[in-house]
Amino acid sequence: MTELEQDLPSAQRDRREKLERLQAAGVEPYAAHFHRTHTAAEALSLLGPEPEAEGGPVTVAGRLMVKRVTGGMAFARLRDGSGDIQLVAQRDVLGEPQYEAFLELDPGDLIGAVGRLRRTRRGEPSVWLESFQLLSKSLRPLPEKWHGLRDVETRYRQRYVDLVANPEVRNVFVTRSRIISAIRSLLDSNEFLEVETPVLQEVPGGGHARPFVTQYNVLHRDFYLRIALELYLKRLVVGGLERVYEIGRVFRNEGLDRTHNPEFTMLEAYQAFADYQDIMTLTEDIFRVAAEAAGGSLEVTYQGEKIDLRPPYRRARMADLVREATGQELAGKELADCYEEKVEPGIRQPTFVIDYPVEVSPLARRRSDDPRFVERFELVIVGREHANAFTELTDPIDQRRRFETQVAEREAGFEEAHPFDEDYLRALEYGLPPTGGLGVGLDRLVMLLTDQPSIRDVLLFPQLKEEG
RNA sequence: GCCCGCGUAGCUCAAUUGGCAGAGCAGGGGACUCUUAAUCCCAAGGUUCUCGGUUCGAUUCCGGGCGCGGGCACCA
């Protein structure tokens with residue numbers, strides 16, 4: 001034993017000693033391959049409902065979770081990607097050496113096993129072992145079998161342990177995957193083309209946020225990690241890809257809290273010959289298929305609050321909401337600021353907030369009947385922005401003026417003003433068809449549909465500081 | 001960046017109004033051939049996050065630091 005091993009906690013030291021004993025006995029503790037015939041769930045489905053039913057033989061493989069030994073007979077729970085199944089080992093069947101080897105196994109070990117299916121006297125469907133094989137020796141003890149892993153810092157830093165120890169955490173991420181898959185299917189079946197655009201950008205446009213900066217050595221230039229997908233996707237619509245979408249990571253160099261992580265996943269979709277009214281319908285469809293994928297019901301509970309996701313969603317003008325809440329008649333940035341502070345947190349049920357001031361919407365088309373406002377909406381649920389959409393600004397002359405206004409704001413000290421993008425203007429000058437665009441923060445959508453209070457609970461590896 | 005709270009065994013948690021830090025689980029030894037958080041017996045396991053201060057004595061009180069959580073600011 002090395003000095004390092006002597007310093008280990010006893011549970012880890014004992015496992016390393018076991019490993020050495022196994023190797024000394026000629027056992028390979030890390031198998032190259034193992035072919036199973038059935039998952040745990042498939043094996044269980046082979047067994048009929050009657051108490052005396054039998055099935056198999058089956059070859060299963062997974063992680064040993066808990067072991068109970070009663071003399072010449074031992075029980076263990078095996079967990080694989082499909083679920084759990086009990087293993088039964090008997091000295092009389094396996095023979096002394098194999099049985100002793102089974103008793104040496106630790107919770108956490110990955111094993112493969114062959115046996116027939118039958119229930120125990122207590123009715124537990126089980127694989128009655130004829131043989132088994134160690135596939136990967138686990139050198140660290142699993143968290144407590146009853147309470148699981150609670151410490152949130154360890155859960156986030158060592159998500160692999162969290163996923164093993166806490167099945168409900170696994171379910172959140174399975175649901176996340178199903179939600180995103182369902183959204184893809186919806187868009188694909190509506191003739192949207194999934195595309196990929198640059199993550200490293202020279203002009204970080206499409207939103208208002210502080211970007212992360214990096215250096216491209218060969219070009220001797222600073223590049224930025226994208227803060228949005230918007231401008232590249234609209235370039236593609238100029239090019240004739242009339243319906244495009246991208247699901248991708250964006251990066252914002254800002255604070256961390258329950259609803260913000262510096263990298264997060266955004267869906268953006270652009271549809272030529274559509275306006276923001278059409279995009280409201282698309283948004284309702286996206287939220288409907290997402291909720292169906294997450295559990296079926298459009299009436300969900302978020303942190304104890306009933307939320308009704310059945311379309312159509314309420315439409316409300318921002319200026320009306322502010323007047324109702326405060327009695328004030330505001331316009332421009334003041335209106336948007338007041339709305340965000342006083343009104344938005346109180347909007348609980350799905351609401352399309354419409355008619356944003358042009359000052360806070362440099363990429364959106366003005367309303368024809370009132371050019372102080374744009375054809376834009378945000379979808380607000382439980383007081384949070386879940387989607388942002390507008391009829392796109394297609395007029396290159398107006399767009400140039402808007403960029404110039406933004407540059408002036410930047411020079412006045414507003415760091416998050418939209419940067420000037422000459423190439424984007426060149427694209428608009430070739431002609432962008434009338435287009436509606438949508439952005440959805442998928443992490444917040446997953447939070448809503450899986451009832452998770454923090455964005456960290458829907459990100460596999462949330463941002464944390466350096467381990468202390 | 002600011003304010004508040006928390007940090008004890010591999011895991012889940014106790015306790016110390018400043019005086020030898022203690023359980024369960026996991027791990028070790030033993031009994032047990034139908035267990036389900038198996039049960040029973042025995043032994044082991046600690047830099048009480050870290051650095052300093054006060055004190056005869058600090059895990060406890062005070063201060064700095066680190067990390068995590070919550071709130072604020074930022075996220076138009």
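A note on names: the letters A, B, ... follow the listed sequences, proteins ahead of strands, and every chain is numbered from 1. Values reported hereafter were calculated over all heavy atoms of this structure, with side chains retained and with hydrogens, waters and symmetry mates removed.
- Salt bridge status for R249(A) with E263(A): present, with a side-chain N to carboxylate O gap under 4.0 Å.
- Taken residue by residue, residues 436-451 of chain A places no heavy atom nearer than 4.0 Å to RNA chain B.
- Checked against a 6.0 Å centroid threshold, the rings of Y276(A) and F390(A) do not count as neighbours.
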### Task
Would you give a per-nucleotide map of nucleotides 8-15 of chain B, 5' to 3', where B means the base has a protein non-hydrogen atom under 4.0 Å away, S means only the sugar-phosphate does, and - means neither?
--SBSS--
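- When the side-chain nitrogen and oxygen atoms of R16(A) are compared with OP1 and OP2 of G27(B), none of them lie within a distance under 4.0 Å.
- In the region residues 403-413 of chain A, proximity to RNA chain B at under 4.0 angstrom, judged on heavy atoms, holds for Q406(A).
- Aromatic ring centroids of Y245(A) and Y270(A) lie 6.0 Å or more apart.
- Between the side chain of Q86(A) and the base of U35(B), at least one donor-acceptor pair of N or O atoms lies under 3.5 Å.
- Heavy atoms of F414(A) sit under 4.0 angstrom from at least one base atom.
- Judged by distance alone, the side chains of S131(A) and Q98(A) never bring a donor and an acceptor atom under 3.5 Å apart.
- Note: CD (E385(A)) to P (C75(B)) measures 13 Å, nearest angstrom.
- The nearest whole Å value for the distance from the CZ atom in F212(A) to the C1' atom in C75(B) is 12 Å.
- Taking a 4.0 Å limit (strictly below) on heavy-atom distances, residues 91-121 of chain A reaches RNA chain B at D92(A), D106(A), P107(A), T120(A), R121(A).
- Salt-bridge check for R367(A) with D355(A): passed, with a basic side-chain N closer than 4.0 Å to an acidic carboxylate O.
- Within residues 61-80 of chain A, the residues approached by RNA chain B to less than 4.0 Å at the level of any non-hydrogen atom are V66(A), R68(A), V69(A), T70(A), G71(A), G72(A), M73(A), F75(A), in residue-number order.
- As the counterpart of A14(B), no nucleotide is assigned, since no Watson-Crick or G-U wobble pattern has both distances under 3.5 Å.
- Seen from the ring of W128(A), R118(A) counts as a face-on cation partner, given the 6.0 Å and 45° thresholds.
- Counting non-hydrogen atoms under 4.0 angstrom, R155(A) reaches nothing in the nucleic acid.
- Near-neighbour residues of RNA chain B inside residues 337-344 of chain A, defined by a heavy atom below 4.0 Å, number-ordered: D337(A), E340(A).
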